[in-house]
Amino acid sequence: MSTARDEILGRIRTALRDVTETDPARDVPVAWQYGRATDIADVLGLFVERVEDYRAVVERVPVADVPEAVVRHLRDTGATTVVLPVGIEAAWRAAVEASGLEVLSDEPALSHDELNRVDAVVTAAAVGIAETGTFVLDHRPDQGRRALTLVPDRHVCVVRADQVVTDVPEAVGRLAASVAEGLPLTWVSGPSATSDIELNRVEGVHGPRTLHVLVAV
Amino acid sequence: MTTTNLGMPTRVRLTPAPPEGALIDSPPFPQAAIRELGKDTQRANLRHATHTIRTKRQRVVAELDHWQDLRSAGEAVKNRVARHLDTWLVQLEENLTRAGSTVHWARDAEEANRIIIDLIRATGSDEVVKVKSMATQEIDLNEALEGAGIAAWETDLAELIVQLGHDRPSHILVPAIHRNRTEVRDIFLEEMGRYGTPPPEGLDDDPGRLANAARTHLRDKFLRARVAVSGANFAVAETGSLVVVESEGNGRMCLTLPQTLISVVGIEKVVPTFADLEVFLQLLPRSSTAERMNPYTTIWTGPTPGDGTQDVHVVLVDNGRTRALADPSGRAALRCIRCSACLNICPVFEKVGGHAYGSVYPGPIGAILNPQLRGVESAVDRSLPFASTLCGACDDVCPVKIPISDILVQQRHRIVEAKKAEAGRKPHLESVLMKGGGWLMGDARRLALMQRAANVFGLVGGRAIGHIGNWPVPGLSRWLRARNVPMPPTASFRAQFDKTSDKTRGGQR
Ligand code: SF4
């Protein structure tokens with residue numbers, strides 16, 4: 001008896017008897033230029049505008065002021081406890097630790113329940129996308145494992161200006177290396193939301209309901 | 001192992017019971033349509049929701065100058081996939097395995113369910129949290145799990161509404177589109193407490209507070225779950241990555257918090273390269289929820305040490321897809337990325353809703369896909385290709401340019417042929433009509449002309465031909481008679497659409 005795998009592959013080959021060209025690229029050309037930047041005059045400006053469109057709080061901050069801004073935004077969200085990824089910038093960590101907020105470490109990893117009692121998380125990002133108002137996490141040590149930016153209800157994310165690209169194709173190009181390393185990716189466009197009731201978008205389901213994005217310029 | 005204790009009276013159900021009976025035994029579309037047309041609240045809900053989303057989609061698609069190029073790219077990539085599917089699947093399997101995922105293959109629904117049940121049993125868990133997935137609905141996984149003593153908790157808000165409401169999904173993106181906020185509140189108040197954390201006292205019908213009630217209800221389930229079941233929007237052959245596109249974060253919860261993740265993936269979901277995602281991650285959100293980007297997309301490449309699910313399985317499911325693939329002209333339906341734009345734009349879907357289609361795939365895509373996946377043996381599958389006015393609106397919005405109307409017409413021919421071939425059966429009315437009306441059905445454009453002509457007659461002829469139902473349109477007339485729809489006095493939907501949507505249209509009808 002053949003295995004399911006062999007049988008399915010066999011069915012496919014039978015179904016495709018009419019396809020005689022064996023080279024997929026020659027058989028079906030794709031007239032699309034991959035990885036192209038979109039023509040956008042003010043990339044950072046558009047990024048800020050598009051992230052705000054999702055009702056996230058966005059602020060442009062000079063790099064030197066980021067530690068202070070992180071603390072200020074944490075306070076604005078009403079958080080009293082905050083978890084910091086292991087590899088977060090030392091200056092941000094120092095500022096948060098000096099602020100009087102209760103800081104938890106994820107080393108050793110917090111349990112689900114412990115994480116569920118934490119108010120907020122601060123992370124860096126991997127890529128920002130202007131056209132869609134998205135930031136992407138590849139979960140390196142300055143962003144933490146995926147659960148850190150999921151279970152706590154408030155997320156303050158710092159995106160560096162040089163991480164912001166025009167559009168999805170450029171972003172996919174930049175993220176290819178992370179995927180090749182086997183890193184997971186989380187694309188975030190605004191706070192968690194649903195359109196499931198009457199197809200109207202309302203913010204706030206399971207992911208962080210409060211999202212602050214700092215653009216470090 | 002067995003899943004046959006399903007429905008035994010002695011067993012206490014773990015999850016809310018869906019309606020009785022199997023979808024495949026649904027009545028043919030015209031009968032079901034009459035039933036659904038009688039539901040006034042549902043019709044109002046559908047009208048409201050589909051009109052909301054149409055306007056938004058139009059706006060967000062118009063933002064991109066190169067939308068038509070994107071559609072062509074999506075079409076081409078998916079054709080490249082389908083025409084060399086074996087190549088990509090072998091590559092996908094290799095790279096999934098290299099990344100540390102375990103690959104399983106399932107010829108049909110039963111085999112898929114058996115694999116999944118065995119995997120869950122091996123973990124010792126008797127419950128799973130689920131990410132919304134069309135593939136798992138298609139194989140009726142929840143009921144198979146229920147029969148095996150495993151509780152499957154739907155975590156997408158709309159799926160939760162459907163599950164708690166003892167209901168069936170009626171839309172591929174928003175399965176509870178037929179429900180309004182007040183109905184949702186009533187379902188939550190009635191059922192939520194029976195299956196976990198109850199809703200807060202005095203819950204009203206504000207959508208934000210309803211979403212909040214779902215958040216609280218599901219939180220415990222997420223935190224304790226040891227196994228999750230998901231689908232995938234895309235599977236990247238080149239890297240062995242899976243992609244889940246979602247809004248609420250329930251997907252992230254399922255993909256991240258449990259130990260074990262089982263992803264059920266139709267074999268047509270494969271895309272060749274990671275770079276191909278740049279096309280689909282632009283096409284899908286704008287076409288489905290009408291957003292520039294959906295709130296969350298997760299892309300994972302096997303397990304990551306110390307981050308998320310560690311025991312990662314992928315079940316590649318055929319279940320009729322190779323049957324669809326074998327039809328060179330119907331093959332295009334496998335390009336579908338399940339965005340639901342064709343449902344939202346469809347004047348028939350808007351009136352009758354998803355339940356009339358007797359399948360987890362309703363609307364225009366369901367009308368062409370079901371007969372291909374399931375064959376044309378059942379009454380409902382035979383009727384589905386006739387569940388359309390061939391207005392062509394779906395062709396124009398489809399992000400991967402599936403020629404839905406053309407395939408509908410081909411399917412009609414096929415069904416007529418199948419009926420003719422059956423021994424001992426009188427020729428069906430349709431086959432006679434098809435002969436005479438073949439010229440009309442042969443091309444969607446001709447029918448559009450016919451409809452416009454009908455509208456003109458509607459204007460000048462007044463009451464004499466005031467109902468579309470009187471029109472001798474082959475095949476179509478049967479269910480239109482059932483509806484007896486008043487003739488639109490001035491412009492058909494399609495004419496309206498032509499006027500208002502130039503920017504988003506393919507223009508190559
Ligand atoms: S057929 Fe096209 S429009 Fe309809 S759901 Fe599939 S991809 Fe979307």
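Order of the sequence lines sets the chain letters (A, B, ...), proteins ahead of strands, with each chain counted from 1.
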Checking [Y] against [X]: is there a side-chain donor and acceptor pair closer than 3.5 Å?
X	Y	value
N95(B)	T239(B)	no
E238(B)	T273(B)	no
H84(B)	D27(A)	yes
Q68(B)	R71(B)	yes

Contact origin within [X] toward chain A - heavy atom pairs under 4.5 Å:
X	answer
R331(B)	side chain
E111(B)	side chain
R219(B)	side chain
A99(B)	neither
A82(B)	backbone
E291(B)	side chain
I267(B)	side chain
L325(B)	both
T216(B)	neither
S72(B)	neither

Count the heavy-atom pairs under 4.5 Å between each of [options] and chain B, then report the option with the highest count.
options	result
T14(A), D113(A), T186(A), T38(A)	T186(A)
P169(A), P184(A), A176(A)	P169(A)
L9(A), I8(A), V179(A)	I8(A)
D167(A), I197(A), T22(A)	I197(A)
L183(A), V151(A), L175(A), V136(A)	V151(A)
E181(A), R145(A), H139(A)	R145(A)

Charged N to carboxylate O below 4.0 Å: is that the case for [X] and [Y]?
X	Y	result
D153(A)	R215(B)	yes
R179(B)	E198(A)	no
D318(B)	R323(B)	no
E170(A)	R174(A)	no

Largest heavy-atom contact set with chain A, pairs under 4.5 Å, which of [options]:
options	answer
L173(B), N45(B), V279(B)	V279(B)
V245(B), N180(B), V184(B)	N180(B)
L89(B), L157(B), T301(B)	L157(B)
E93(B), H66(B), E75(B)	E93(B)
T87(B), L277(B), T289(B), N294(B)	N294(B)
L218(B), D276(B), L255(B)	D276(B)

Can you confirm whether [X] sits close enough to [Y] that some side-chain heavy atom of one is under 4.5 Å from a side-chain heavy atom of the other?
X	Y	result
R286(B)	T132(A)	yes
R60(A)	V48(A)	yes
L104(A)	D106(A)	no

Checking [X] against chain B: side chain, backbone, both or neither under 4.5 Å from a heavy atom?
X	result
V202(A)	side chain
T134(A)	side chain
P191(A)	backbone
A25(A)	both
D6(A)	neither
Y54(A)	side chain
E131(A)	both
T149(A)	both
A193(A)	both

Does R224(B) have more than 12 heavy atoms from other residues, nucleotides or ligands lying within 6.0 Å of its CZ? yes
Which heavy atom of A79(A) sits nearest to which heavy atom of A120(A), and what is that distance? CB-CB, 3.7 Å
Between V96(A) and V70(A) the two heavy atoms that sit nearest each other are CG2-CG1, 3.8 Å
Measure up the H155(A) and F135(A) rings against each other and bin them: parallel (under 30°), tilted (30 to 60°), perpendicular (over 60°). perpendicular
Would R107(B) and N319(B) count as a side chain to side chain donor-acceptor pair (under 3.5 Å) if you check the C-alpha gap in whole Å, the side-chain angles of each, and the deciding distance to 0.1 Å? CA-CA 6 Å; R107(B) 282 164 276 218; N319(B) 203 36; over 6 Å; no
